[in-house]
Amino acid sequence: MRPRLEIIDTTLIERIVDEALTVLETTGILVDYEPAFDRLTAAGLPGNAETHRVRFPRDVVERALATAPSGFTLHDRDGEPFARLEDDRVHFVPASSALRILDRATGEVREASSADFVEYAKVADRLQNIAYLSTAFIPKDVPPDIADGWRLYLALASSKKPVVSGAFTAHGVPRMAQMMGLFRHDLEELAEKPMAIFTCCPNTPLRWAEDAAQNLIDCAEAAIPVEIVPVMLLGMISPATPVGALVLHTVEVLSGLTVAQLIRPGTPVLFGGAPASFHMRLMTNPMTAVEALHVYCSYAQIAKHLKLPCQAYMGLSDSKFNDPQAGAESGIGMFLAALAGFNSISGPGMLDYVNCFSLEKLVFDDELAAHAHRYIRPVEVKEDLPTAALFDELLAENHLLTAEHTLEHWPEELYLPGPMVDRTNWDQWAFQGRKDHRTRANEMINELLDDYDVPPLDEALDAEIRHLFASTCDDPDVVLPEA
Amino acid sequence: MADYALMNQKLFEGDDATVRQLTEEALAEGRQAMEVLEEGLIAGMRVVGEDFKYNRIFVPEVLLAARAMKAGMAVLQPLLTASAADTSAGTIVMGTVKGDLHDIGKNLVGMMAEGAGFKVVDLGTNTSDDDFIAAVREHGADILGMSALLTTTMVYMKTVVDAMTAADLSHVSICIGGAPISQDFADEIGAHGYAADAGSAVQLFKRLVGDRVRA
């Protein structure tokens, strides 16, 4: 049996889904962008041309649920199958789109460059428990209108692994799809062998505005897997209570899913989310708030009930630095997410309300991910029931260190963490140089960088991609940094 | 032809039966017991020690190799004793101090020390100063090792240190360990050495015995 976390029972799940379907059908969603509104009404959804509110009849949503796949396979940049997102398969991924980074040399928070991004991508590529990459933060040395695709390019140039990404403007997806298509024979092959998941965030409450609506439509047209990520603020733009929040969350995800299926049936859609609490004094939005964690794990159950792959922004921290709060919030989030069976968990490396990315945190979170993966392994009988023979040996020898049973099982059963979890006693620690967390993190990062050996992109392909950015950038004189 | 490389390998693998057999074969073809000990067994344990130090192998593998070492030693022992050679790396008398019944760490130290070629006389738990002294005298110990887990029993180590001095056994190195023990405490009670774990305890024993040989 796989260890599993359940927050709500099946009856409540069914009531929430039923209520969501009712809201979709009666209240509907504001599609606040004329081309998208026209597209959806042309596809058969009833819409009010004056208010731009679109209703989602129950049978249409149910048909969309039937065509949305229960899982899909992410491929690497070479087109090889890489990760299957389905059932309870868990993948940890760096969180996305920070505005700043925590400089690992100075400890200061600053804006990032393309060189920072390449360093991040190389480290993430090497980490054993970070399944694939994300466009984790925004390099500020390229114009903002191409920064979304530029990040994806840097990730793909540095690592073969798939990438979680997304566009910054309403026009961002087609250029990024075109770039990914250059790694395949054509866009149809890209559709068959996707190398990225794109994040699409509805504009809570009950609204898809210009960028989000167009991104969603463009992703579906290119069959790019999308994660629909409502960002609720409990108590502010969502009910303060979990069930009400879950209904709103489900409405928004199912609206996005239905749009994607109407545009291109079979487009992979992850039931995603980044629910947060609204802090009634500071007016901040902690995603790691305890009540938000309830909503996260509950919607994983709803996703599984609907046979959809699921995603969450968990394993991150709202702390500003890699302090005890960061460790605790990240560890709690990652364990809960793994127990809930999220297929794609966006969190590692992230601090400060998804505003600041830390490479030191990423290597620590890689270790937490290893722990979480270990924790969700089934507990099984392994030649230890009945116990008579084993206990006889234990009593005879006073230990089992050299027992056949131990020798066979300990390497799989007893996990030895890497350097980010300090298991030395005081004297061993002192003998090994009294290394603090940051020192060990930076040693590990440097070792990973030394170990990096991903072949660079083919020169012609690289030149073609750079030409794509140079020729479509708003600034015709743009000088692109070296990758 | 004695194949010491194979013997080292079998010792590394913890294959005690083959180590015993290879030891017997080496003697049968006329090899000196001391040569077999040095090149067949101790050289093999040296690799084990290095690999453990660099995280290439772990505690179970070290103990298995130690068991294989003992199997070979059992064959060599009578010959080495007959030739009056000092066969072991040194003799350690060890025990958990009076009032304390915790012995897991002490046992681990004993096993690791045996694996490193020491002769270990384990007095078990709840050991009095008289018992320690009697055993040290009986076995001509180079080292007396004491362990304690409790802050209430660790103070007894001072009693033993004083009793050893009174018994004119100050030439025997006293090593202590256990969760509440520190280098400061060792210095305070006049013990000669302290180690934080079984691996460094063995290093400590080697260093202390080496110092004694040089002295």
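Each chain gets a letter, A, B and so on, in the order the sequences are listed, and its residues count up from 1. Worth knowing before you read on, the calculation uses all heavy atoms, side chains too, and leaves out hydrogens, waters and symmetry mates.
Using a 3.5 Å distance cut-off with no hydrogens or angles, the side chains of D100(B) and T125(B) do not pair a donor with an acceptor. Residues Y120(A) and S158(A) bring no donor and acceptor atom of their side chains to less than 3.5 Å of each other.
For residues 424-448 of chain A, the interface with chain B (any heavy-atom pair closer than 4.5 Å) comprises N425(A), D427(A), Q428(A), sorted by residue number. Residues of residues 398-406 of chain A lying under 4.5 angstrom from chain B, judged on non-hydrogen atoms, are H399(A), L401(A), T402(A) in numerical order.
Two rings, from F52(B) and F58(B), have their centers 6.0 Å or more apart. Side-chain rings of F92(A) and H373(A) approach one another, their centers coming within less than 6.0 Å.
Under a 4.0 Å N-O distance rule, the pair D51(B)/R56(B) qualifies as a salt bridge.
Side chain of S182(B) to backbone of F185(B): a donor-acceptor contact under 3.5 angstrom is found. A distance-only check finds no donor-acceptor pair linking the side chain of S159(A) to the backbone of A155(A) [under 3.5 Å]. The main-chain N or O of H102(B) is found under 3.5 Å from a side-chain atom of T96(B) such that the two form a donor-acceptor pair.
Note on N107(B), L64(B), I104(B): by heavy-atom pairs under 4.5 Å with chain A, the leading option is L64(B).
When all heavy atoms of A326(A) and L351(A) are compared, the pair lying nearest together is CB-CD2, 3.9 Å. Residues Y156(B) and T127(B) come closest through the heavy atom pair CE2-O, 3.7 Å.
Proximity to chain A is limited to the side chain of L108(B), based on heavy atoms less than 4.5 angstrom apart.
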